Amino acid sequence: MGFLRRRRRKKQDQPVHREITITLTPLEAASLQMRAAIERYGEEHQESVKAMRQVAYLLSEERQHHQEAAELLHQVARLTYQNLGPDHPDTLTAVFEAGDMQCAVGDLELAEDMLRDALAGRERSLGRDHPDTLAAAQALGTVLTGLGRPAEAQALHEDVSERSAKALSTDHEITLISRGKTADALRSAGRLEEAAVLFRDIVHDADRVFGVDSEQATIARNNLAATEFQLGHAAEAAQLFREILERTTGKHDQQEFTANIRNNLATVLFGLEEYREAGVLLRASAMERERMFGPDHPDTVSSVANLARVLAVEGDRTEAARLTRQCLSHYERRLPPSHPRIAELRGFLHELS
């Protein structure tokens with residue numbers, strides 16, 4: 001029975017104590033610092049506000065956290081305004097960032113109010129030609145287009161383009177972006193031929209300045225393709241979208257844009273009555289956007305609304321109606337009652353009933 005005897009434990013059999021390493025992500029670390037600052041100093045202290053802003057910046061890097069970032073930046077803007085006054089540079093930056101993020105999550109009326117305040121403050125303190133002022137005007141123009149007021153947006157973007165070209169250069173990215181947003185406002189106003197001409201010029205300039213495979217050139221081609229489709233040139237639009245999709249698919253840093261192109265190509269294919277491929281693309285786009293941004297993000301809702309139309313044509317009117325009601329609920333919460341998107345979905349829902 002010797003094998004039952006207690007054996008003296010050898011030195012190497014002694015318990016080994018290992019260190020436990022806890023690794024925090026930048027967001028987790030910043031969140032801990034924010035909570036500690038608020039607990040120590042109170043919410044209104046500048047150290048607490050600084051910590052909140054850092055957390056908001058990290059949240060804004062992930063589209064699925066944009067709503068949290070928007071809420072936190074709104075709080076930062078309010079506290080900074082209270083602490084420093086309306087025209088302090090930090091206040092103007094905070095109000096601009098909060099308004100821009102509200103635009104990103106689709107709360108356009110609140111975004112307009114905040115960006116108008118930021119623009120007015122920057123015009124007073126920095127002048128109308130300062131890059132920060134131009135950025136605020138550009139962001140406000142984007143919101144106005146989204147709110148269905150393209151004429152106001154066009155005037156604002158044209159002014160930014162002219163000022164940017166003089167203060168920076170005709171080839172500066174801010175100038176190019178403002179020209180693109182001017183064209184988008186023209187497109188939203190139904191002035192499609194003018195928009196297409198401008199978009200073609202922008203594609204040419206983006207290729208020349210930034211390169212054919214650059215993000216700027218790819219976005220310009222996407223916008224041109226969308227305008228060609230609205231002009232009734234569906235085959236040309238589909239070809240452009242396919243070329244863009246071929247260039248962006250599989251690139252990790254292009255996942256968001258690829259989902260957008262799938263949605264746009266599917267819309268064109270729907271118009272060409274190629275419903276099967278349109279449905280495949282829209283399901284992929286909706287799934288990818290929901291993974292990246294969450295189910296209530298405007299881009300996700302757009303893909304789902306388009307998918308509902310495909311399902312209706314394919315005969316699944318019950319599911320199409322369910323998805324349409326879901327999208328309509330989102331738009332009714334985020335857009336003014338007079339917005340054409342709301343009327344469009346209500347009309348489509350009536351057709352399905």
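Computed from a predicted structure; not experimentally measured.
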Side chain to side chain contact (heavy atoms under 4.5 Å, CB included) against [X], all qualifying residues, sequence neighbours excluded:
X: Arg317; value: Leu352
X: Glu173; value: Ile177, Phe210, Gln216
X: Glu256; value: Arg63, Met292, Phe293
X: Arg276; value: Val280

Any donor-acceptor pair under 3.5 Å linking the side-chain atoms of [Y] with those of [X]?
X: Thr258; Y: Thr248; result: yes
X: Glu68; Y: His65; result: yes
X: Arg322; Y: Thr318; result: no
X: Thr142; Y: Lys181; result: yes

[X] to [Y] - nearest heavy-atom pair and separation:
X: Pro150; Y: Ser188; answer: CB-CB, 3.8 Å
X: Ala278; Y: Leu269; answer: CB-CB, 4.1 Å
X: Ser48; Y: Ala37; answer: OG-O, 3.2 Å
X: Ala266; Y: Leu282; answer: CB-CG, 3.4 Å
X: Val76; Y: Thr80; answer: O-OG1, 2.6 Å

Go through the structure and list residues passing ring-ring contact (aromatic ring centres under 6.0 Å, His included) with Phe270, not counting sequence neighbours.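 Once residues adjacent in sequence are excluded, the partners of Phe270 under the ring-ring contact (aromatic ring centres under 6.0 Å, His included) criterion are Tyr275.
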
What pairs with His45 under ring-ring contact (aromatic ring centres under 6.0 Å, His included), at least two apart in sequence or on another chain?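 Once residues adjacent in sequence are excluded, the partners of His45 under the ring-ring contact (aromatic ring centres under 6.0 Å, His included) criterion are Tyr41.
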
Which residue pairs pass the salt bridge (charged side-chain N to carboxylate O under 4.0 Å, His left out) test when at least one of the two sits in residues 237-249, sequence neighbours left out?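 Salt bridge (charged side-chain N to carboxylate O under 4.0 Å, His left out) check on residues 237-249 returns Asp213-Arg247, Arg242-Glu277.
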
Can you tell me which residue pairs pass the salt bridge (charged side-chain N to carboxylate O under 4.0 Å, His left out) test with a partner in residues 36-49, sequence neighbours excluded?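 Checked against salt bridge (charged side-chain N to carboxylate O under 4.0 Å, His left out) - neighbours excluded - the pairs reaching residues 36-49 are Glu43-Arg78.
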
Mark yes or no for whether [X], through its side chain, and [Y], through its backbone, hold a donor-acceptor pair below 3.5 Å.
X: Ser31; Y: Leu27; answer: yes
X: Ser285; Y: Ala259; answer: yes
X: Thr324; Y: Leu349; answer: no
X: Thr175; Y: Asp171; answer: no
X: His157; Y: Ser178; answer: no
X: Gln154; Y: Ala151; answer: no
X: Asp316; Y: Ala312; answer: no
X: His339; Y: Gly146; answer: yes
X: Gln138; Y: Ile174; answer: yes
X: His66; Y: Ser60; answer: yes

Would you compute the distance between atom [atom1] of [X] and atom [atom2] of [Y] and round it to the nearest 0.5 angstrom?
X: Tyr331; Y: Ser302; atom1: OH; atom2: OG; answer: 5.0 Å
X: Arg53; Y: Leu79; atom1: CZ; atom2: CG; answer: 10.5 Å
X: Phe199; Y: Arg179; atom1: CZ; atom2: CZ; answer: 11.0 Å

According to the side chain to side chain donor-acceptor pair (under 3.5 Å) rule, which pairs have a member within [range], sequence neighbours left out?
range: residues 260-271; answer: Asn222-Asn264, Asn260-Arg289, Asn263-Ser303, Asn263-Asn306
range: residues 88-105; answer: Tyr57-Glu97
range: residues 105-128; answer: Asp87-Arg124, Glu112-Arg116, Glu112-Arg149, Arg128-Asp159

Test side chain to side chain donor-acceptor pair (under 3.5 Å) applied to Arg291 - qualifying residues, sequence neighbours left out: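 Applying side chain to side chain donor-acceptor pair (under 3.5 Å) to Arg291 gives Gln255, Glu288.
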
Salt-bridge present (Glu236, Arg200; N to O < 4.0 Å):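 Salt bridge: no.
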
In sequence, state the C-alpha distance, the side-chain angles, and the governing distance for Arg346 and Glu332, and then conclude on salt bridge (Lys or Arg N to Asp or Glu O under 4.0 Å). CA-CA 10 Å; Arg346 283 176 178 166; Glu332 287 175 338; 3.0 Å; yes

Derivation and outcome, salt bridge (Lys or Arg N to Asp or Glu O under 4.0 Å), residues Arg187 and Glu193: CA-CA 8 Å; Arg187 185 177 64 84; Glu193 292 287 357; over 6 Å; no

